[in-house]
Amino acid sequence: MTAQLIDGNALSKQLRTEVATRAQALKAKGVTPGLAVLLVGDNPASQVYVRNKVKACEDSGLHSVLERYEATMTEAELLARVQALNNDPSIHGILVQLPLPEHIDAQKVIEAISPAKDVDGFHIASAGALMTGMPGFWPCTPYGCMKMLESIGYDLKGKYAVVIGRSNIVGKPMALMLLQKDATVTVCHSRTQDLKALTLQADVIVAAVGKRNVLTADMVKPGVVVLDVGMNRNDEGKLCGDVDFDSVKEVAGYITPVPGGVGPMTITMLLVNTLEAAERASK
Ligand code: GUN
């Protein structure tokens with residue numbers, strides 16, 4: 001059996017077209033959705049990420065501002081910038097790119113962002129809203145995974161989902177989103193005793209560890225849906241996920257590739273959240 005691919009590029013294109021249409025409608029009412037992206041320091045990966053985020057905004061008709069600061073910026077200075085953006089009516093979403101330099105308390109900065117503008121979904125108010133099923137912003141990567149499941153018409157009710165990885169950004173929010181759709185969810189991590197025993201029972205597996213070959217063909221049952229959040233390099237320097245794609249695709253029913261799977265969905269959901277923030281602000 002060869003799994004069907006869930007194409008993150010194609011789905012992103014479709015969702016970004018919808019974002020562009022809704023952005024046009026808002027503009028007609030005199031509101032241009034605006035995202036501020038703050039980058040402190042010169043982390044090369046972060047520079048690529050923020051450039052991609054700003055470009056995606058432009059392509060979908062969203063206004064974006066990229067603010068770049070020296071690594072020597074103080075925490076107080078950054079907090080002051082966040083506060084100013086909280087009060088800026090032309091900005092509906094604020095994203096502080098992580099990681100921040102060590103002398104800045106990242107959590108303190110995230111908590112300084114107004115929850116109404118927390119389009120990353122990292123604020124504790126956003127986490128609390130997700131946990132209790134209240135309106136808020138969902139973190140973009142797990143939100144994108146949910147959209148991928150929706151795109152194949154997958155009904156999670158009563159299904160068994162295994163999430164591998166327990167980060168605040170992916171694993172934990174992913175588990176809550178799956179639970180909200182009535183899946184039975186297990187969160188596995190580095191201390192899980194028998195990962196294979198659990199993944200073998202799973203109808204859906206989300207791999208979000210940041211390590212190659214965490215999931216191999218002998219660990220999955222036929223027809224399983226596999227979402228690969230990993231972004232790693234193999235020995236040849238090629239981009240690869242957490243899943244042993246070549247073997248698992250022979251057993252799975254659906255699988256996301258890397259690249260071209262979950263990756264593009266993260267930025268797409270950032271656009272969706274920013275648009276949503278602007279729509280809420282304009283009501
Ligand atoms: N660094 C890596 N990924 C992300 C992300 O999704 N949001 C922010 N703010 N920083 C990141």
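Hydrogens, waters and symmetry mates play no part in the numbers below; they use all other heavy atoms, side chains included. Order of listing sets the numbers, starting from 1, for every ligand and every atom in it.
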(request) For the residue pair Lys172 and Asn168, confirm or rule out a side-chain donor-acceptor distance under 3.5 Å. (result) yes

Using a cut-off of under 3.5 Å, which N/O atoms of ligand 1 pair up with protein N/O atoms, and what distance separates each pair?
residue, atom, partner, partner atom, Å
ligand 1, 1 (N), Gln97, NE2, 3.1
ligand 1, 1 (N), Leu98, O, 2.9
ligand 1, 7 (N), Asp120, OD1, 3.2
ligand 1, 7 (N), Asp120, OD2, 3.2
ligand 1, 9 (N), Val96, O, 2.8
ligand 1, 9 (N), Asp120, OD2, 2.6
ligand 1, 10 (N), Leu98, N, 3.0

(message) Within the 3.5 Å criterion, strictly below it, is a donor on Thr141 or Thr266 matched to an acceptor on the partner's side chain?
(response) yes

(request) Spell out, as yes or no, whether a donor-acceptor pair under 3.5 Å connects the side chain of Asp182 to the backbone of Lys157. (result) no

(message) Looking only at side-chain N and O atoms, does Tyr49 offer a donor or acceptor that is under 3.5 Å from a partner on Gln47?
(response) no

(message) Is it the case that the side chain of Thr274 and the backbone of Gly93 share a donor-acceptor pair, with hydrogens and angles ignored and the cut-off at 3.5 Å?
(response) no

(request) Quick one: do Asp244 and Arg212 satisfy salt bridge (charged side-chain N to carboxylate O under 4.0 Å, His left out)? Show the steps, please. (result) CA-CA 7 Å; Asp244 177 18; Arg212 282 159 56 195; over 6 Å; no

